[in-house]
Amino acid sequence: MKAVRVNLENFDAEVNKAVETGNPVFVLFFGTEVPETSESWCPDCVIADPLVRKAIIPVKDAILLEAPVGGRNEWKGNTTHPYRVRFNLSAIPTLFKWTQAGPGERLVEEDCANIEKLTKFVEN
């Protein structure tokens, strides 16, 4: 698995580059890390992150694009956050399968930490 950190400015370019490889592409939206702890401010994201990675690792040539949504104040209650608007994100973590056509299936919040759902999601 190849992991690439993306941001609002380079999101489209990195997604396009990943999709053009023909490899399976996953995009994980999560809360940005807090410098003091090096963990996300989002407790669900902290739980889901290692499980998402563990589920994707066996997928041949998979690419995981890591898309932090920003700090708690940038995300919570901000209905105009660019990722909310563009991809209809309601909560984090959210894991998408991404194709040439754009975002496809998704897992949201606690489903990102459910190893059975994750395994089925990445295998299909």
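The model shown is predicted, which means the values in this text are computed figures rather than measured ones.
Summarising the geometry of A113 relative to I47, their closest heavy-atom pair is CB-CG2, 3.8 Å, with the distance given to 0.1 Å. When all heavy atoms are compared, the tightest approach of P58 to A55 is CD-O, 3.3 Å. Here the closest heavy-atom approach between residue D61 and residue P24 is recorded as O-CD, 4.0 Å. When all heavy atoms of L8 and P82 are compared, the pair lying nearest together is CD2-CB, 3.7 Å. E33 and S38 get closest at one heavy-atom pair: CG-O, 3.7 Å. When all heavy atoms are compared, the tightest approach of R72 to W41 is N-NE1, 3.2 Å.
Hydrophobic clustering, with ILVMFWY side chains joined whenever heavy atoms are under 4.5 angstrom apart, groups F121 together with L64. Follow the hydrophobic side-chain contacts under 4.5 Å out from V27 and you reach I92 in the same cluster. A single hydrophobic cluster is not seen to contain both L89 and V85; linkage of ILVMFWY side chains at heavy-atom distances under 4.5 Å, directly or through other members, places them apart. In this structure, I56 is not a member of the same hydrophobic cluster as V108, with clusters built from ILVMFWY side-chain heavy atoms closer than 4.5 Å. No single ILVMFWY cluster, assembled from side-chain heavy atoms under 4.5 Å apart, contains both F30 and V34.
Shown here are the ring-ring contact (aromatic ring centres under 6.0 Å, His included) partners of F87, two or more places apart in sequence or in another chain: F11, F29, W98. For T79, the side-chain contact (heavy atoms from CB on, under 4.5 Å) test picks out no residue, with sequence neighbours left out.
For the atom pair E39 CD and D49 CG, the distance stands at 9.5 Å (nearest 0.5 Å). To the nearest 0.5 angstrom, N16 atom CG is 8.0 Å from Q100 atom CD. For the atom pair K97 NZ and R106 CZ, the distance stands at 13.5 Å (nearest 0.5 Å). Put simply, NZ on K117 and CG on L51 are 14.0 Å apart, with the number rounded to the nearest 0.5 Å.
Salt-bridge formation is detected for the pair K17/E14: a Lys NZ or Arg NE/NH1/NH2 atom is positioned less than 4.0 Å from an Asp or Glu carboxylate oxygen. Comment: E66 engages R53 in a salt bridge, judged by a side-chain N to carboxylate O separation of less than 4.0 angstrom.
With a 4.5 Å cut-off on side-chain heavy atoms, V15 and L65 count as touching. Between L118 and V52, some side-chain heavy-atom pair lies under the 4.5 Å cut-off. With contacts defined as side-chain heavy-atom distances shorter than 4.5 Å, the pair F26/L107 does not qualify. Using a 4.5 Å heavy-atom cutoff, the side chains of L28 and P93 are in contact.
Taking the six-membered ring for Trp and thresholds of 30 and 60 degrees, W75 and H81 have ring planes more than 60 degrees apart, a perpendicular arrangement.
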